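Just so it is clear, the model here is predicted, and its values are computed rather than measured. Throughout, protein chains are lettered first and strands after them, A, B, ... in sequence-line order, and every chain is numbered starting at 1.
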Amino acid sequence: MERTLILDCNNKVGQEIRVCGWVQTRRDHGKIAFLDLMDRSGIIQVFCRGEDVKEIHPQDVICITGLVNSRPENLINSNLATGKIELHAKQIEVLVKAAELPFDMGGKDLDLQLPTLLDHRPLTLRHPKVKAIFKVQEVVIDAFRKALTEKDFIEFQAPTIVPAATEGGAEIFPVDYYQYKAYLGQSPQLYKQIMVGVFERVFTVGRAYRAEPSVTTRHLSEYISLDCEFGFIESWSEVPDLAEDVIKRIFSEVEKRCGRELELYGVGVPQIAGKLPRIKLTEAQQIIKTRTGREVIGEPDLSPEDEREITEWAKEKHGSELIIITHYPTSKRPFYTYPDPEDPEHTLSFDLIGRGVEWFTGGQRINDHQQLLESMKKKGVNPENFQLYLQAFQYGLPPEGGFAIGAERVTMHILGLSNIREASLFPRDMERVDVRLSTIKK
RNA sequence: GGGACCGUAGCGCAGUUGGUUAGCGCGUCUCCCUGUCACGGAGAAGGUCGCGGGUUCGAGUCCCGUCGGUCCCGCCA
């Protein structure tokens, strides 16, 4: 008999069907018992004879043939998409037995410490609440693609093995490359700029690698970078304008397609009222000083505490949980960042900050070959290492800009997760590559 | 790289000013249960309290070391 998806059982009342999935829980009442069965579409309650399910355990993979019945009024479960029906099992076929679970998967929440959650990733990812994170992430990435494709952007694939540091300074992973040394790319930055010379408007969904020796709740050694870049900008502010469009699109898609997932976490997408507030770094610092008395003026960047404070301000003052901070100091930004012609100490760059941390970073780039060479010189970056990149400018690149989004950060903050590792399927950090590094030999 | 905190059963936790046989919830196993949906009820198994040393009549508890982990800062997406 052909397999029916669990959610489709709602339309099969009175019919005999066959469903397959994983056992979530067994509620044994002696002569009768209930199984909750889950497949990719949802969960259904199966009514069974007690003797038939004595050996059935959570995560066993089974197929059930039976009759779809509507439940009596008083037995309807309004928390379940299939709560008005149940399946009366006639035949139970065990495809695969699961080993005894190391923890309880049946509850609404998966109450585990982070190391346990990650040590058992193939199992914990199956939990509805964990699964929901990656459904949201898929929609975040898809919305990014859609928003840009609709604006005539072209997707390209950036390499991740690179010859030298992308942005100078930051820590990178070396790779043994035949008899030479290569690195894992920190960002597709240079390639997306080159691609502006090809397609004008480009984006890429790629991986970025950072060997920063930092263990925090918002850093990964490998993360998903949503990068875009576009040419022929008339004004630098077109860049944050586009970033704003993209994040709004991400929110609207998540809201539209992830209602159930948001509900599981009891959250909504961040509130935005109209246009995002957009202020210069120095203005932000003035506000923070006025509000807290902290001496932040003149600092080259916002500390995490400052970021929390300024998002709080944006919420109170503008009803927006997101804010765009612009004009970071030239000294703090990479060599390709465009200095403000009216104030060369600051750049035409921005961060999009939400719920207390950076989500996006971007800005206008230097597109003049000579100016770029000078900027590299000032930053102590050797142009010799960037010959291929520099060709793009040598042979004419229009005024351009772009931004990058951390997909895990966006996912994390939409759902209110406390650690970015929860928003990464198989997080890599200083202490883990699938398994804890402390448990393997060097 | 700097700092703070935490390691007690498979999992999540409690354990008082140091005091006798180290507890609770979930899970597991046995038994009971025809309407539960985190089902319920009765019982059982499961721990050298991360490891090493010290103080003490006595250490899960205090001290030192060590290993493992979490969080904050710097840096960033």
Side-chain angles (χ1 to χ4, degrees), chain A residues 24-37 43-50 54 57-58 69 71-72 74-80 82-83 86 88 99-120 123-124 167 169-171 186-189 206-227 299-305 307 328 332-334 351-354 357-362 403-413 418-421 423-424 429-432 436-439:
Chain A
Q24 299 304 290
T25 51
R26 183 188 69 193
R27 292 180 292 280
D28 192 339
H29 289 243
K31 293 271 191 309
I32 66 159
F34 301 93
L35 298 179
D36 286 345
L37 190 71
I43 294 178
I44 193 169
Q45 170 164 281
V46 186
F47 182 96
C48 308
R49 295 195 309 173
K54 290 285 179 242
H57 291 97
N69 287 342
R71 298 198 197 184
N74 58 322
L75 297 178
I76 287 174
N77 182 347
S78 54
N79 297 320
L80 210 59
T82 59
E86 67 185 358
H88 280 236
E100 184 187 322
L101 305 190
F103 37 74
D104 190 11
M105 289 275 289
K108 226 179 163 61
D109 291 291
L110 192 57
D111 189 16
L112 300 177
Q113 292 208 351
L114 191 64
T116 314
L117 189 78
L118 300 178
D119 283 344
H120 300 273
L123 185 57
T124 58
E167 319 193 0
E171 303 286 335
Q186 294 171 288
S187 137
Q189 177 66 32
R207 324 293 307 197
Y209 304 88
R210 306 268 165 113
E212 295 291 343
S214 56
V215 184
T216 77
T217 48
R218 58 189 187 285
H219 291 89
L220 293 166
S221 298
E222 176 179 359
Y223 69 93
I224 302 167
S225 185
L226 308 178
D227 267 84
E299 293 291 322
D301 202 353
L302 297 178
S303 69
E305 197 181 1
E307 290 178 345
Y328 285 84
K332 285 294 284 185
R333 291 274 159 155
D351 278 359
L352 190 153
I353 298 176
V357 292
E358 286 167 36
W359 292 27
F360 288 34
T361 189
F403 55 87
I405 312 175
E408 293 89 348
R409 281 194 178 179
V410 173
T411 312
M412 167 189 184
H413 289 111
S418 54
N419 193 309
I420 196 165
R421 276 150 258 245
S424 175
D429 62 31
M430 240 185 131
E431 288 152 355
R432 176 184 299 272
R436 299 185 212 182
L437 297 171
S438 60
T439 63

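Rounded to whole Å, atom P of G69(B) lies 9 Å from atom CG of Leu437(A). When the P atom of A77(B) is taken as reference, atom CG of Asp429(A) falls 19 Å away, rounded to whole Å. One atom, NZ of Lys54(A), and another, C1' of C29(B), lie 14 Å apart when rounded to the nearest Å. Atom P of nucleotide A77(B) and atom CH2 of Trp359(A) are separated by 16 Å, given to the nearest angstrom. A straight line from OH of Tyr209(A) to P of C76(B) spans 21 Å, rounded to a whole angstrom. When rounded to the nearest whole Å, the span between CG of Asn77(A) and P of G35(B) equals 17 Å. Rounded to a whole Å, the CG atom of Leu123(A) is 12 Å from the C1' atom of C11(B). The separation between Leu75(A) atom CG and C37(B) atom P is 11 Å, rounded to whole Å.
Among the protein residues, Glu408(A) comes within range of no part of the nucleic acid, since none of its heavy atoms lies under 4.0 Å from any strand. Using a 4.0 Å heavy-atom criterion, one finds that Phe47(A) contacts the bases of the nucleic acid, with or without backbone contacts as well. Residue contacts for His57(A): at a heavy-atom cut-off of 4.0 Å it reaches the sugar-phosphate backbone alone, with no base atom in range. Among the atoms of the strands shown, none is found under 4.0 Å from any heavy atom of Leu226(A). As judged by a 4.0 angstrom heavy-atom cut-off over every strand, Pro115(A) is placed among residues touching the sugar-phosphate backbone only.
Counting heavy atoms of neighbouring residues, nucleotides and ligands inside a 6.0 Å radius, atom CZ of Arg49(A) does not exceed 12 of them.
Taking a pair to require two hydrogen-bonding distances under 3.5 Å in either a Watson-Crick or a G-U wobble arrangement, G1(B) pairs with C73(B). Summarising the base pairing, U56(B) is matched to no nucleotide, lacking a Watson-Crick or G-U wobble pair whose two defining distances lie under 3.5 Å. Of the nucleotides present, none pairs with C49(B) by Watson-Crick or G-U wobble criteria with both distances under 3.5 Å. Across every strand in view, G7(B) sits in a pair with C67(B) that passes the Watson-Crick or G-U test at under 3.5 angstrom. Of the nucleotides present, none pairs with U17(B) by Watson-Crick or G-U wobble criteria with both distances under 3.5 Å. Checking G43(B) for Watson-Crick or G-U wobble geometry (two distances, each under 3.5 Å) identifies C29(B) as its partner.
OP1 or OP2 of G12(B) has at least one side-chain nitrogen or oxygen of Thr116(A) nearer than 4.0 Å. Residue Arg436(A) has no polar side-chain atom (N or O) positioned under 4.0 Å from OP1 or OP2 of U70(B). Not one side-chain nitrogen or oxygen of His219(A) sits closer than 4.0 Å to the OP1 or OP2 atom of C72(B). Gln24(A) has no side-chain polar atom (N or O) that falls below the 4.0 Å cut-off from OP1 or OP2 of C37(B). For the OP1/OP2 pair of G69(B) and a distance below 4.0 Å, the side-chain nitrogens and oxygens of Ser438(A) include at least one atom meeting the criterion. For the OP1/OP2 pair of C75(B) and a distance below 4.0 Å, the side-chain nitrogens and oxygens of Lys332(A) include at least one atom meeting the criterion. Side-chain N/O atoms of Thr217(A) include one lying less than 4.0 angstrom from OP1 or OP2 on C72(B). Close to U70(B), at under 4.0 Å from its OP1 or OP2, lies no side-chain N or O of Asn419(A).
Spacing of C1' atoms, A59(B) relative to G12(B), comes out at 26 Å, to the nearest Å. For the C1' atom pair drawn from C29(B) and C67(B), the interatomic distance equals 35 Å after rounding to whole Å. For the P atom pair drawn from G27(B) and C11(B), the interatomic distance equals 16 Å after rounding to whole Å. Distance noted for atom P between C62(B) and A44(B): 33 Å (whole Å). U8(B) and G1(B) have their C1' atoms separated by 33 Å, with the value rounded to a whole Å. Spacing between U70(B) and G25(B) at atom C1', rounded to whole Å, works out to 23 Å. Rounded to whole Å, the C1' atom of C64(B) lies 23 Å from the corresponding atom of C57(B). On the P atoms, G23(B) is 13 Å away from A45(B), given to the nearest whole Å.
Ring-plane geometry between Phe360(A) and Phe403(A) is classed as parallel, the angle between the planes falling under 30 degrees on a 0 to 90 degree scale with a further cut at 60. Taking the six-membered ring where tryptophan is involved, the planes of Phe34(A) and Phe47(A) are perpendicular, since the angle between them exceeds 60° and thus also 30°.
With hydrogens and angles disregarded, a donor-acceptor distance shorter than 3.5 Å links the side chain of Arg71(A) to the backbone of Gly83(A).
Stacking between Phe103(A) and G27(B) is absent: the ring centroid is not both under 5.5 Å from the six-membered base ring centre and under 30° in plane angle.
On a pure distance criterion of 3.5 Å, no polar donor-acceptor pair joins the side chain of Arg27(A) and the base of C33(B). On a pure distance criterion of 3.5 Å, no polar donor-acceptor pair joins the side chain of Glu212(A) and the base of G1(B). Side chain Gln45(A) to base U36(B): a donor-acceptor pair is found below 3.5 Å. Counting atom types as modelled, Arg409(A) pairs a side-chain N or O with a base atom of C76(B) as donor and acceptor under 3.5 Å.
The side-chain heavy atoms of Asp429(A) and His219(A), taken from C-beta on, include no pair separated by under 4.5 Å. You'll find the side chain of Ile44(A) stays beyond 4.5 Å of the side chain of Glu86(A), heavy atoms only.
Shortest non-hydrogen contact noted between Leu110(A) and Leu117(A) is CD2-CD1, 3.9 Å. Residues Ser187(A) and Arg210(A) come closest through the heavy atom pair CB-NH2, 3.9 Å.
Residue Arg218(A) places its side chain closer to C75(B) than to any other of U36(B), C75(B), G10(B). Across U36(B), C76(B), C37(B), the shortest atom-to-atom separation from the side chain of Asp36(A) is found for C37(B). Minimum atom distance to the side chain of Tyr223(A) is reached by A77(B), of the listed C76(B), A77(B), G35(B).
A residue-by-residue look at Gly406(A) and Pro304(A) shows that Pro304(A) has its nearest nucleotide of RNA chain B further toward the 5' end. Where Ile405(A) and Arg71(A) each meet RNA chain B at their nearest nucleotide, the meeting point lying more 5' is that of Arg71(A).
Here Asp119(A) pairs with Arg432(A) in a salt bridge; the nearest charged N to carboxylate O distance falls below 4.0 Å.
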